[in-house]
Amino acid sequence: HKNLGLFLLQQDQFQDASEALLKAISLGENESLCFVALGYCYLNLEKYASGENAYRAAILRDPNGQDAHNGLVNCLLETDRHAEAIAMLDELIEEHPEQSFYWRAQTNAYVELEKYHQAAINLETLRRMEELDLRGHLLLGDLYHNLELHRLALAAYQDALALRNDLDADRFIRVARILVERGSFTEGFDYLDRIEAKFKQGLDEKERLALLALRARIALARGHHEEADSYLSEILRTNPNDGRALLLRGRYFWKKKRDAVEAAFYF
């Protein structure tokens, strides 16, 4: 019955496999492997409480079995018990610091609990271990962006771009925005050109307006007031309630035209 269960498990027949494994256990099978396999069946059947019980039984029989611990962590995460998962992963990371799965799983739990600083620390650790993939670099950039650590966010996004040059438009726009906010106008403008050349007509309305706003900010900073005003006018024709565009246009009329009435209207 155990061997039948393991064979059915390899065929992804999880319901039939679980029944065969339960039969083996009822007949006296007590090996950790059987409980790990049963837990895996339940995990795939989305029976997370039953999966958790099977994995805990496997850990009692083999306290050092990593498959059982990994499965239990997955069950805890699937049932939104992130604090328990973090505590368990602390122990596993201390015992197996080279296992990138534990760092990633704990990072996801930290993100769910909005503990972004701890999540960023985990991803930085993976990066220094040279175990951080594209998705990890993007998540690290997002975390730093949320923590308003823009220099570090830019470095993470640029590392992601170096790994793969077909990111979504929103990530490219974030890079450009960070550069503009830092005053790197030439590099920021280059990113805007790359975005438009790459995505062409594929940008949605929100992304197109975000690009125009960045172009307007760069033009104003460079003293190209008329160019900036053309971008702002286009934004406000599409969205008259765009607060950032209204502020920038008010600044344009105040600095360039010295028109206090028009500036006050936009402000």
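We number each residue from 1, following the sequence as shown. A quick note: this is a predicted structure, and the numbers were derived from the prediction, not measured.
Heavy-atom minimum distance, A58 versus S32: O-OG, 3.3 Å. Minimum heavy-atom separation, A176 to L192: CB-CD2, 3.8 Å. The two residues A160 and L134 have their closest heavy-atom pair at O-CD1, 3.5 Å.
At distances below 3.5 Å, not a single donor-acceptor pair connects side-chain atoms of W103 with backbone N or O atoms of E98. Side-chain atoms of R61 come within 3.5 Å of backbone N or O of A57 as a donor-acceptor pair.
Between L143 and V111, the closest side-chain pair of non-hydrogen atoms falls below 4.5 Å. For the pair F267 and L247, the minimum side-chain heavy-atom distance is below 4.5 Å. Between L43 and Y55 the shortest side-chain heavy-atom distance falls below 4.5 Å. At least one side-chain heavy atom of F35 sits under 4.5 Å from a side-chain heavy atom of N30. Considering only heavy atoms from C-beta on, R127 comes within 4.5 Å of H137 through its side chain. Looking at heavy atoms from C-beta onward, E207 lies out of side-chain contact with L211 at the 4.5 angstrom threshold. At least one side-chain heavy atom of S233 sits less than 4.5 Å from a side-chain heavy atom of R249.
Note that CG of D159 is 8.5 Å distant from CG of L140, once rounded to the nearest 0.5 Å. Atom-to-atom distance recorded for L76:CG and I86:CD1 is 11.0 Å, nearest 0.5 angstrom. Residue Q118 holds its CD atom at 9.0 Å from CD of Q106, rounded to the nearest 0.5 Å. To the nearest 0.5 Å, atoms SG (C34) and NE2 (H1) are separated by 11.5 Å.
Residues Y231 and E227 bring a donor and an acceptor atom of their side chains to less than 3.5 Å of each other.
Under 4.0 Å is where a charged nitrogen must lie from a carboxylate oxygen, and between K23 and E19 no such pair does. Here D193 pairs with R215 in a salt bridge; the nearest charged N to carboxylate O distance falls below 4.0 Å.
Between F14 and Y40, the ring planes are perpendicular. Angles over 60° get that label, and only those under 30° would be called parallel.
Under the ring pair (Phe, Tyr, Trp, His ring centres under 6.0 Å) criterion, no residue pair touches residues 68-102, with sequence neighbours excluded.
Residues passing the side chain to side chain donor-acceptor pair (under 3.5 Å) test with R208 are E205, E234, T238, sequence neighbours excluded.
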